[in-house]
Number of protein chains: 2
Amino acid sequence: MSHPTGQVVTLRDVAAAAGVSVSTVSRALDDRLPGSKGATAERIRELAASLGYRRNAYASGLRRGATGTIGVLVPRLTDVVMAMLFESLERAAKAKGYFAVVATCGDDQADEQRATETLLDRNVDGLVLATARLDDVLTTSLRERQVPHVLALRSDRTSPSVLGDDETGGYLAVRHLLDLGHREIAMIMGPSFASSAVDRVAGARRAFTEAGLDLPESQIRSGSYSLEEGYRAGADLIDTVAPSAIFAANDNLAIGALRAAHERGLTPGSDISIVGYNDIPLASRLPVPLTSVHTPFDQIAGAAIDLLLSGDEPADGYVERIMPTLIPRASTAAPRRLS
Amino acid sequence: MSHPTGQVVTLRDVAAAAGVSVSTVSRALDDRLPGSKGATAERIRELAASLGYRRNAYASGLRRGATGTIGVLVPRLTDVVMAMLFESLERAAKAKGYFAVVATCGDDQADEQRATETLLDRNVDGLVLATARLDDVLTTSLRERQVPHVLALRSDRTSPSVLGDDETGGYLAVRHLLDLGHREIAMIMGPSFASSAVDRVAGARRAFTEAGLDLPESQIRSGSYSLEEGYRAGADLIDTVAPSAIFAANDNLAIGALRAAHERGLTPGSDISIVGYNDIPLASRLPVPLTSVHTPFDQIAGAAIDLLLSGDEPADGYVERIMPTLIPRASTAAPRRLS
DNA sequence: CTGTTAGCGCTTTCAC
DNA sequence: GTGAAAGCGCTAACAG
């Protein structure tokens, strides 16, 4: 590459052109503190713009000790849920004058560790993690090292977190099925190390209990949040439990279950009801649109960035929960009458 | 945030601990040039590791004039195609010791411009763009400013590009349908500013011509690469042209068309055949698995990174094309006999 | 192979 | 308000 990071116009150039010193230019262009800055400042700013001056983020960051960059860690971006979260974080960060960089680390704890170091090496001012496990070790070390960080979507129950209210979401989903008249309800919960999965089950349980019913372990399948897992678990549940409805703790799982149902000749909505979670864009656009619990990613991301940049250190276990909404669609309906 | 970018251990600390000068340490830790570096070097490296030293990427980048960072620009990450490309680029970059940062810019040309400047402001050593238009203006300015860049997936026919062989892919898709016996084939092409869409149509045309057939404009719909577009176009084609098969230039479009077919009581595979493009993970896991043209993202990303880092400036119009493969699945079958 | 010296581009005291 | 000077942490000449 011929022309790597060769600075085009520097502060020196602007200073020379304006006939002032670099420090004056630096101050005139410093948009952090006061608003207006007198006449010369305005002149300098116009000059800088016309020369095409752009601040060198590295030099600036080196001196300031802060880089205006927020690191985001997600397991994968090919999971639309994570892509949506990142896009929301990117927007929220931008609105505050920050730039978001992302690293992916899969589900491996060692890779998570490595990816975090990589982000920290890039001098990020703080971290948003969507990878938290209930038994997380990484977050402990971040707290010890005093690295500013916020967990999003999933919590370890200790580091500051911004989550969807998963318990309520789980409750809403099952309550919806119960209201339709379903009694044989099974659940595909997702990975048991994720607070989102655990909390959604807890909410589901509450709905059952409230209706004087029970959610036996034999009707719950756990695993990852993948399509395959949904397919496997859905097939297994239909074959062994034959439920009239399935609540999947994630839209991917629900779509996998949809396929299992289809293979067995069951039509979603009429032969079997299926509820997903997150309301990814695809959910409403499937051949049979999927009932799902909508997660407000923009709100979660906004709150996460605010919390990260607020500067306060919240007490251990501090959590903000954003309320989800159930969106009923064609994949759920009253169960078939026994004939 | 209490403890922003406060360097923990610097070269000075390591130098002091080792009883040598900072430049000695800097050289011992410079993993760019020779391999082994004698005894003291080894000792220094161990010491640095035990002290937990991490090079400050900003200071290093400032001095070196290169930052080991590659900027990636995509329209959106919630499009799985773009997410797959980015994840592949991230891996390919990492394998070469680089870090990939991404920015999203939607389909707006002004936002594309802004996002590019943002990436350039972060001193990236080069850019990979998946946003190229046939009438692109941004790429022109990048060439003028001598910014090292490579286009991926889509080309402007001028800047160096690494693409799937879309013409061949389009040919394979239509050839497959023709071989099954289809004659009434319609096409949903995607955005006409994207070379991928245009080339896939060209390939499709070649297959038609070769079979002594024709692809009239009235059987082609263009628009975006979105699910909605697929739904709209699919519905319209079915209602007006009533084709026995549809080739969609993208899996999203195909899935949208699937919904339109379903709404009209048509079962994919038996009543209507549908082919997609890219073979996203979801394609094989739909209730009716989707026939699709597989795009090898890892190869494309690897070639793009290699080309970017090679340092040569390829001639205008230089393009590498990676061969796709057709994956037949249940969504395509021989047409219904006229009864 | 090692240390000294200078400086990447910017920000920030500190005087004026 | 402005400028001179120092320095963020690191690397690259240049001598030795």
Side-chain angles (χ1 to χ4, degrees), chain A residues 3-45 47-48 51-69 120-125, chain B residues 3-45 47-48 51-69 120-125:
Chain A
H3 163 42
T5 313
Q7 192 81 5
V8 200
V9 183
T10 73
L11 268 194
R12 287 247 303 265
D13 302 327
V14 182
V20 294
S21 76
V22 284
S23 15
T24 306
V25 180
S26 174
R27 278 187 288 256
L29 266 32
D30 189 337
D31 36 73
R32 287 171 305 178
L33 299 178
S36 66
K37 292 210 196 96
T40 18
E42 185 50 42
R43 191 174 62 83
I44 292 176
R45 254 169 284 159
L47 188 55
L51 288 174
Y53 170 77
R54 313 232 88 210
R55 170 186 287 121
N56 183 323
Y58 275 29
S60 169
L62 181 58
R63 189 63 240 253
R64 290 191 188 184
T67 58
T69 308
L120 258 17
D121 283 354
R122 326 256 359 145
N123 294 8
V124 295
D125 294 342
Chain B
H3 163 42
T5 314
Q7 192 81 4
V8 199
V9 183
T10 73
L11 268 194
R12 287 247 303 265
D13 301 327
V14 182
V20 296
S21 78
V22 283
S23 21
T24 307
V25 180
S26 175
R27 278 186 290 256
L29 265 33
D30 189 336
D31 35 73
R32 286 172 305 179
L33 298 180
S36 68
K37 293 215 198 91
T40 18
E42 185 51 41
R43 192 173 62 83
I44 292 174
R45 255 171 283 156
L47 189 55
L51 288 174
Y53 170 76
R54 314 232 88 208
R55 169 186 289 121
N56 183 325
Y58 277 26
S60 170
L62 181 57
R63 189 64 239 255
R64 291 191 186 183
T67 58
T69 307
L120 258 18
D121 283 354
R122 327 257 357 147
N123 294 9
V124 295
D125 295 342

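Everything numeric in this text was worked out from a predicted model, so none of it was measured. Note on naming: letters A, B, ... go to the chains in the order of the sequence lines (proteins, then strands), and numbering restarts at 1 for each one.
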Can you tell me whether the side chain of A:R54 and the base of C:dG9 have a donor-acceptor pair closer than 3.5 Å? no
At what distance, to the nearest 0.5 angstrom, does CG of B:N123 lie from CZ of A:R54? 11.5 Å
Rounded distance (Å) that lies between atom P of D:dA5 and atom CZ of A:R12: 14 Å
Intermediate values then yes/no, side chain to side chain contact (heavy atoms under 4.5 Å, CB included), A:L29 and A:R45: CA-CA 6 Å; A:L29 266 32; A:R45 254 169 284 159; 3.5 Å; yes
Is any side-chain N or O of A:T24 closer than 4.0 Å to OP1 or OP2 of D:dG3? yes
Expressed in angstrom and rounded to an integer, what is the separation of B:R122 atom CZ from C:dG9 atom C1'? 15 Å
Between CG on residue A:L47 and CD on residue A:E42, distance to nearest 0.5 Å: 11.5 Å
What's the CZ-C1' distance between B:R64 and D:dA12, to the nearest Å? 11 Å
Does the side chain of A:Y58 get closer than 4.0 angstrom to OP1 or OP2 of D:dT11 through an N or O atom? no
Could you tell me whether the phosphate oxygens of D:dC10, OP1 or OP2, come under 4.0 Å of any side-chain nitrogen or oxygen in B:S60? no
Whole-Å distance separating the CG atom of B:D30 from the P atom of C:dC1: 14 Å
Separation of A:R63 CZ from B:L62 CG (nearest 0.5 Å): 12.5 Å
Name the closest nucleotide to the B:N56 side chain, picking from C:dT2, D:dC10, D:dG3. D:dC10
Using whole Å, report how far CZ of B:R63 lies from P of D:dT11. 10 Å
May I ask you to verify if any side-chain N or O of B:S23 is less than 4.0 angstrom from the OP1 or OP2 atom of C:dG3? no
Any side-chain N or O of A:S26 less than 4.0 Å from the OP1 or OP2 oxygen of C:dC10? no
Roughly, in whole Å, what's the span from CD in A:E42 to C1' in D:dG1? 16 Å
Closer to the 5' end of DNA chain D via nearest nucleotide, is it A:G19 or A:L62? A:G19
Rounding to an integer number of Å, can you tell me how far A:R43 CZ sits from D:dG1 P? 15 Å
Report yes if at least one side-chain N or O of B:T40 is closer than 4.0 Å to OP1 or OP2 of C:dT2; otherwise report no. yes
Can you tell me how far P of D:dG1 sits from CD1 of A:I44, to the nearest Å? 12 Å
Would you give the length of the straight line joining atom CZ of A:R122 to atom CZ of B:R122, rounded to the nearest 0.5 angstrom? 10.0 Å
Between B:R55 and D:dT11, does any side-chain N or O lie under 4.0 Å from OP1 or OP2? yes
